[in-house]
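Owing to the predicted nature of the structure, the values given are computational and were not obtained by experimental measurement. Basis for what follows: all heavy atoms, side chains included, without hydrogens, waters or symmetry-related copies. Whatever order the structure lists ligands and atoms in, that order sets their numbers, starting from 1.
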Amino acid sequence: MIASDLETAIAALRDLIADARAIVPFTGAGISTECGIPDFRSPGGLWSKNRPIEFGDFLASQEMRDESWRRRFAMQDSFGKARPGRGHRALASLYKAGKVPGLVTQNIDNLHQDSGIPPQDIVELHGNTTYATCLECRERYELAWVRERFERNGERAPDCACGGFIKTATVSFGQSMPAEAMQRAEALAKSCDLFLAVGSSLVVWPAAGFPLMAKRNGAALVIVNREPTEFDDIADLVVRNDIGDALAPFITG
Ligand SMILES: [Zn+2]
């Protein structure tokens with residue numbers, strides 16, 4: 001059912017949430033756009049102008065690693081101060097109410113953690129861009145540390161003490177999906193009784209698999225997204241209103 005208007009959407013969502021024992025939110029770029037973080041994949045988005053650096057190229061060349069970090073620091077200046085939006089806060093409220101065993105996100109912006117959901121209950125399919133790790137020994141590095149050395153060395157990306165390359169903790173194009181995150185996301189999708197997809201077009205693999213998994217295991221499926229998705233036909237509720245407007249009534253405390 002596609003909600004005819006915002007009030008109908010909120011009322012239907014309220015009923016589904018009240019009936020649910022285990023809600024698994026699945027979030028994409030749309031939940032963060034009201035926080036000022038653009039959807040890089042959208043037509044006209046940053047990635048249509050500035051092709052992402054593929055993992056193989058990052059590994060192959062110092063120049064590409066330098067360029068990758070140059071872009072990351074430029075992004076930091078634009079979006080580094082982003083705060084959780086109404087969607088994030090609503091999901092954090094459901095978490096605090098004990099309704100959410102875990103949340104799965106395609107986002108790399110750390111805003112779910114910033115909204116108060118503990119990191120261990122957030123499954124990040126595409127990693128996290130707010131810190132870096134060594135690709136060899138997995139040592140964690142903070143962005144400020146990397147930036148200080150990058151700037152001191154004439155915009156040259158620093159390496160780890162072990163000799164490994166330091167990269168944001170994101171999953172780049174050409175990099176394999178993190179196996180543990182995939183397994184945890186699948187387990188959550190299969191064990192919930194309400195799968196709440198928010199701000200994802202549900203086309204990018206592996207996102208497309210999870211709503212079906214949840215539905216086949218008997219969960220209700222809710223899709224909150226401005227644009228239609230391929231799963232609207234099987235969803236119990238489709239909300240095409242603004243995400244912040246639709247979820248704001250569920251913010252508590
Ligand atoms: Zn290392």
Sub-6.0 Å ring centroid separation between F150 and F73: yes

Could you tell me whether the side chains of D245 and N241 share a donor-acceptor contact shorter than 3.5 Å? no

For the residue pair D109 and S32, confirm or rule out a side-chain donor-acceptor distance under 3.5 Å. yes

Candidates D233, D232, N225 - the one meeting side chain to side chain donor-acceptor pair (under 3.5 Å) with T229: D232

Spell out the protein N/O/S atoms under 2.8 Å from the Zn ion (ligand 1) as residue plus atom name. C134 SG, C137 SG, C160 SG, C162 SG

How are the rings of F210 and F26 set relative to one another: parallel (under 30°), tilted (30 to 60°) or perpendicular (over 60°)? tilted

Would you say the side-chain atoms of D57 pair up with the backbone N or O of I53, donor to acceptor, closer than 3.5 Å? no

